[in-house]
Number of protein chains: 2
Amino acid sequence: MTEDQTVASHRIADDFAAKIETGELSPGTKLPSERTLVTTYGVARNTVQAAMRLLAEAGMVVPHHGRGVYVRTPAPLIRLGSDRYSPKYRESGLSPFKIECERAGKQPRFEVLSIDRTQPPRDIAEQLHVDADGPSVLRLENVFWADDDPVYRVTTYVPWTIAEGTGLVEPEVPHPYGIHGVLEDQGYPMARLHDVATARMPTLAEKAALRLPAGVPVIDLLHVSVRADGEPYEATRFVMRADMSSLTYDVPVE
Amino acid sequence: MTEDQTVASHRIADDFAAKIETGELSPGTKLPSERTLVTTYGVARNTVQAAMRLLAEAGMVVPHHGRGVYVRTPAPLIRLGSDRYSPKYRESGLSPFKIECERAGKQPRFEVLSIDRTQPPRDIAEQLHVDADGPSVLRLENVFWADDDPVYRVTTYVPWTIAEGTGLVEPEVPHPYGIHGVLEDQGYPMARLHDVATARMPTLAEKAALRLPAGVPVIDLLHVSVRADGEPYEATRFVMRADMSSLTYDVPVE
DNA sequence: GAGTGGTCTAGACCACCTA
DNA sequence: AGGTGGTCTAGACCACTCC
């Protein structure tokens with residue numbers, strides 16, 4: 001990488017970074033043990049660990065307690081597309097997440113954490129044009145799993161005026177087309193979607209909830225569903241582990 | 001956060017994480033010096049540093065050499081929208097990046113790193129339907145700055161058959177509407193865009209090029225421009241510092 | 001039990017910033 | 001000059017994994 005002369009831990013990290021980038025060390029390969037590197041580089045173990053930490057933070061290696069440090073194996077990407085709410089999925093009966101999991105050779109699983117009426121966060125209230133100081137929304141919290149990895153932490157908000165008395169509140173009778181099927185029955189077909197995506201490091205809580213290894217950021221996506229008349233009627237925040245997720249948008253230029 | 005009892009560095013990190021999340025320590029506040037924390041917590045300085053590192057990796061604090069450790073101040077977001085190629089910007093003569101920088105109170109700057117004919121990366125070649133084993137594309141490398149911060153590292157690829165002999169190769173005469181103005185004149189107006197976005201930690205090279213502090217991931221966006229007949233004619237990879245960038249898509253559901 | 005990474009100590013010197 | 005973070009040493013013990 002950069003020819004970092006002086007700092008020993010950087011030099012060691014650059015050495016391995018170069019070997020990994022050129023493919024000399026392929027994914028899944030075990031690095032020499034820290035105590036081995038201590039002798040080969042003639043430095044203290046802390047220094048070797050600092051080097052390993054740099055590589056781990058860059059997402060290039062994953063340390064396994066008691067086993068060794070390994071070159072990270074890229075995870076297959078689960079794509080979340082701009083067509084995810086398209087009517088075309090109605091006919092097949094398959095959800096985009098299911099399709100993507102199968103493509104990646106993984107078993108999809110959907111977990112409901114909670115369904116309740118509550119006060120929305122300020123940004124959600126603003127997007128949905130509802131009261132930020134009262135229980136103005138129905139909130140649904142879910143987790144999407146691929147095999148044994150939690151991939152998305154998803155929180156959906158629907159104005160209580162829309163959700164009240166619908167199948168959204170009673171999850172025992174699932175709608176065949178999910179939340180958006182129910183909303184469509186209520187007179188809210190989706191005409192446009194409004195997505196805002198950023199990326200950041202996980203909070204300590206998210207890191208635990210999504211079981212994230214070091215060096216893995218999250219994609220933070222705020223989605224708003226809009227009816228043909230311009231009324232926003234549903235907002236969802238996706239917190240996605242970035243090493244297993246991508247967003248795709250195939251859209252017209254207007 | 002989680003009540004981590006045993007590990008001293010985690011306990012210290014959790015202490016400060018809680019104070020930052022509740023707002024007891026507001027952005028810009030200076031934390032006590034490491035040597036102070038050594039005495040208040042009764043641990044070695046390495047342990048305090050491990051705690052600070054955990055917070056820095058989570059993007060909560062930023063250490064400044066010789067000055068102290070500070071609670072991170074959120075940077076204003078530069079938005080990159082799905083309308084960024086919209087004809088509507090032609091009339092105003094303003095680029096979306098300029099508009100966003102002004103909104104954020106920053107001075108935009110555009111730097112050309114290189115323009116050359118070269119061999120495309122494999123994924124680009126695939127997207128553009130060109131030869132991956134020859135100099136089949138024109139490559140333009142640029143950096144977008146907001147004040148003194150490099151925000152995007154942008155690499156654009158145009159099939160040589162399209163770019164040859166056009167104003168793209170001769171940058172001395174800039175087209176009023178930029179690259180896409182030239183391409184439109186060549187018979188390539190954009191009908192659709194195809195974006196694929198992921199997030200990851202920067203490589204060591206990117207970390208240096210974008211001057212990224214610890215705990216800041218990058219958004220890696222691959223954009224492909226498509227003509228009305230479905231022909232892809234331009235691909236661009238954006239590497240964006242995530243703490244200053246967001247992607248917005250306001251699009252119809254098809 | 002042997003080998004691995006995870007954490008910690010108690011020092012030391014260096015590089016940078018402010019005054 | 002004095003305070004700050006950045007790096008390093010040479011040890012130590014713990015927790016986990018594999019045989």
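When reading the values below, keep in mind they use all heavy atoms of this one structure, side chains included, and skip hydrogens, waters and symmetry mates. Sequence lines set the chain letters: A, B, ... in the order given, protein chains first and strands last, and positions in each chain run from 1.
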If you only use heavy atoms from C-beta on, which nucleotide in D/dT17, D/dC8, C/dT7 is closest to the side chain of A/R67? D/dT17
How long is the line joining NZ of A/K30 and C1' of C/dT4, in whole Å? 7 Å
Which residues in residues 41-53 of chain B have at least one heavy atom lying under 4.0 Å from any atom of DNA chain C? B/V43, B/A44, B/R45, B/N46, B/T47
Quickly work out the B/Y70 OH to C/dC16 C1' distance and round it to whole Å. 13 Å
Out of B/T155, B/D195, B/N142, B/T156, which residue meets the side-chain hydrogen bond (donor to acceptor under 3.5 Å, both in side chains) rule with B/T236? B/T156
Assess whether one donor atom and one acceptor atom, taken from the side chain of B/R35 and the base of D/dG5, lie less than 3.5 Å apart. yes
Does B/H65 or A/H64 map to a spot on DNA chain C nearer the 5' end, using the closest nucleotide for each? A/H64
Phosphate-side-chain proximity, A/H10 and D/dT7, N/O vs OP1/OP2 below 4.0 Å: yes
For A/E126, does the CD atom have more than 12 heavy-atom neighbours from other residues, nucleotides or ligands under 6.0 Å away? no
So, the side chain of A/Q107 versus the backbone of A/A146: is there a donor-acceptor pair under 3.5 Å, distance only? no
Given C/dG5, D/dC8, D/dG6, the nucleotide with the shortest approach to the side chain of B/E34: D/dG6
OP1 or OP2 of D/dG3 sitting under 4.0 Å from any side-chain N/O of B/S33? no
State yes or no: are the ring centers of A/F97 and A/F110 separated by less than 6.0 Å? no
Roughly, in whole Å, what's the span from CG in B/L37 to C1' in C/dC8? 16 Å
Only residue of A/R237, A/R200, A/R153 satisfying salt bridge (Lys or Arg N to Asp or Glu O under 4.0 Å) with A/E206 is A/R200
Given B/R79, B/R84, B/K106, the one that forms salt bridge (Lys or Arg N to Asp or Glu O under 4.0 Å) with B/E100: B/R79
